[in-house]
Peer 1: 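Got a structure for you, questions after.
First the proteins, then the strands, lettered A, B, ... as listed; each starts at 1. Nothing here was measured: the structure is a model prediction, and the numbers come from that model. Hydrogens, waters and symmetry mates are skipped; everything else that's a heavy atom, side chains included, is used.
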Number of protein chains: 2
Amino acid sequence: MATKLSSRPNNRLPAQRADQFGAQVPGVDYGVLEDLVGYAIRRAQIRIYQDFLDALGQWSITPPRFSAMTIIDRNPGLKLTHLATAMGIARSGAVEVVNALEKLDYVRRVDAPTDKRAFALELTEPGHAALKGITAAIRRHDARISSKLSAAELGELRRLLALLG
Amino acid sequence: MATKLSSRPNNRLPAQRADQFGAQVPGVDYGVLEDLVGYAIRRAQIRIYQDFLDALGQWSITPPRFSAMTIIDRNPGLKLTHLATAMGIARSGAVEVVNALEKLDYVRRVDAPTDKRAFALELTEPGHAALKGITAAIRRHDARISSKLSAAELGELRRLLALLG
DNA sequence: TATTGTTATACTCTATAACTATA
DNA sequence: TATAGTTATAGAGTATAACAATA
């Protein structure tokens, strides 16, 4: 069994946070914040993140952990440095995420045959099973957050997001 | 003068992060991540955040700090608990952000006349001056990140974002 | 009793820098 | 020398819980 990191495993967003930052508090003047696209994105992301945590809390999974598991699963023989590059984080950050996933018994470090400094990352058996459930839950989560958009609107949203930044 | 919190003040995103999570690493299979709207939002937000830090680093300002300053500025007599509610965070988190802004000499706690437990939050003189510059920099940042979109597309993006989550 | 602000504690994500072992 | 992984240290954002002072 995976060791739970805590009873409320992840970033401890409070319950009331869901009411906020997507539905601003009435009576409060948010000034320029209302005009900023960046702020609109931020609010959307906070709402989405809250739903993510609600849906995934039982797996002790966070967005970066899910990204790491997925990338490890899809790229056999991946090394830690490559994982860091793929995720866009520092090597030390990749060590942390791999340590967390190892503690959960989702991921394993395996000696690399050709390089004694390195090792390959791979999912454990429980990790494979967990990733199936997690992926299904995340697909449902993703469908839920985008349920108010038509297929055409979703495509347009993706196109516009890709133009941002 | 505002005390700089550090030479690279904020969340220390590495320079190479800008290359990533919006332009995935070639040769890496991202699997289901590519399909998820939530992931597309996350990548957009990371790109935007990087630009935010590049533009605002000299002010020791982060998105939550900017939100707090703006809300304090626009809502005279605001109390700490109200700031927490407005920002959608716990009271203890509001204490932290106010402490940070106080250390920067941007915000001040003033005794509330009617309630001896509470106080009103307000910008200091340097805080007002800083907020002017910060706001201008953030407006430029916001224009920059959305420069590839037409006005109509921006409106559509806002509409679609509001439907998400 | 309930609320205001605070502090204690904890977890996640991220960074830079220095280090060890190996290439 | 350069690279792979690790550890040490640090900052920021967030949470829950308990507490003193006041309402």
Peer 1: Over how many whole Å does the gap from B:Gln50 atom CD to C:dC13 atom P extend?
Peer 2: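 My rounded result for the distance is 19 Å.
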Peer 1: Going by ring-ring contact (aromatic ring centres under 6.0 Å, His included), name the residues that satisfy it together with A:His141, two or more places apart in sequence or in a different chain.
Peer 2: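 With neighbours one apart ignored, the set is A:Phe52.
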Peer 1: I need the CG-C1' distance between B:Leu104 and D:dA12, as an integer number of Å.
Peer 2: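 Atom CG in B:Leu104 sits about 13 Å away from atom C1' in D:dA12.
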Peer 1: I'd like a table of donor-acceptor pairs (distance under 3.5 Å, sequence neighbours excluded) in which one partner is a side-chain atom from residues 157-164 of chain A, with atom names and distances.
Peer 2:
{"from": "A:Arg158", "atom 1": "NH2", "to": "B:Asp35", "atom 2": "O", "distance (Å)": "2.4"}
{"from": "A:Arg159", "atom 1": "NE", "to": "A:Glu156", "atom 2": "OE1", "distance (Å)": "3.1"}
{"from": "A:Arg159", "atom 1": "NH1", "to": "B:Glu153", "atom 2": "OE2", "distance (Å)": "3.3"}
{"from": "A:Arg159", "atom 1": "NH2", "to": "A:Glu156", "atom 2": "OE2", "distance (Å)": "3.0"}
{"from": "A:Arg159", "atom 1": "NH2", "to": "B:Glu153", "atom 2": "OE2", "distance (Å)": "2.7"}

Peer 1: Tabulate atom names and distances for all N/O pairs under 3.5 angstrom spanning the protein and nucleotides 1-4 of chain D.
Peer 2:
{"from": "D:dT3", "atom 1": "O2", "to": "A:Arg117", "atom 2": "NH1", "distance (Å)": "2.3"}

Peer 1: Please list, chain by chain and in numerical order, all residues satisfying side-chain contact (heavy atoms from CB on, under 4.5 Å) with A:Ala120, sequence neighbours excluded.
Peer 2: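 A:Ala120: no side-chain contact (heavy atoms from CB on, under 4.5 Å) contacts found.
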Peer 1: Map B:Asn99 and A:Glu96 onto DNA chain C by nearest heavy atom, then report which one ends up closer to the 5' terminus.
Peer 2: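 Going by which nucleotide is closer to the 5' end, it is B:Asn99.
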Peer 1: Can you measure B:Leu53 atom CG to D:dG13 atom C1' for me and round it to whole angstrom units?
Peer 2: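 After rounding, the reported distance stands at 13 Å.
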Peer 1: Atom CD of B:Gln45 and atom C1' of C:dT14: how far apart are they, to the nearest Å?
Peer 2: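 Result: 14 Å.
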Peer 1: Take atom CD1 of B:Ile61 and atom C1' of D:dA12, then tell me their distance rounded to the nearest Å.
Peer 2: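 My rounded result for the distance is 13 Å.
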Peer 1: Taking donor-acceptor contacts at under 3.5 Å, does the side chain of B:Ser92 reach the base of D:dT14?
Peer 2: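 Under the 3.5 Å cut-off, the side chain and the base do not form any donor-acceptor pair.
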Peer 1: Between B:Arg109 and C:dG5, is there a contact of a side-chain N or O with OP1 or OP2 at under 4.0 Å?
Peer 2: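 Answer is no, no contact under 4.0 Å.
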Peer 1: Donor-acceptor pair, distance only, cut-off 3.5 Å: does the side chain of A:Thr124 make one with the backbone of A:Gly127?
Peer 2: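 Checking the backbone N and O of A:Gly127 against the side chain of A:Thr124, a donor-acceptor pair under 3.5 Å is found.
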Peer 1: Choosing from C:dT14, D:dT16, D:dT22, which nucleotide comes nearest the side chain of B:Ala90?
Peer 2: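 Shortest atom-to-atom distance from the side chain points to D:dT16.
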Peer 1: Figure out the CD1/P separation between B:Ile89 and D:dT16, and round it to whole Å.
Peer 2: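 Answer to the nearest Å: 12 Å.
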Peer 1: From CG of B:Leu56 over to C1' of D:dA12, roughly how many Å is that when rounded to an integer?
Peer 2: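 Taking CG of B:Leu56 and C1' of D:dA12, I get 15 Å after rounding.
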Peer 1: With sequence neighbours excluded, what pairs up with B:Ala118 under the side-chain contact (heavy atoms from CB on, under 4.5 Å) test?
Peer 2: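 B:Ala118 satisfies side-chain contact (heavy atoms from CB on, under 4.5 Å) with B:Lys79, B:Ala112, B:Asp115 once adjacent residues are dropped.
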Peer 1: Scan residues 62-91 of chain A for pairs that pass ring-ring contact (aromatic ring centres under 6.0 Å, His included), counting only residues two or more places apart or in two chains.
Peer 2: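 For residues 62-91 of chain A: none.
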Peer 1: Go through the steps for A:Glu102 and A:Leu121 under the test side chain to side chain contact (heavy atoms under 4.5 Å, CB included), then give the verdict.
Peer 2: CA-CA 10 Å; A:Glu102 207 169 54; A:Leu121 298 169; over 6 Å; no
Peer 1: Can you measure A:Met87 atom CE to C:dT14 atom P for me and round it to whole angstrom units?
Peer 2: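 After rounding, the reported distance stands at 6 Å.
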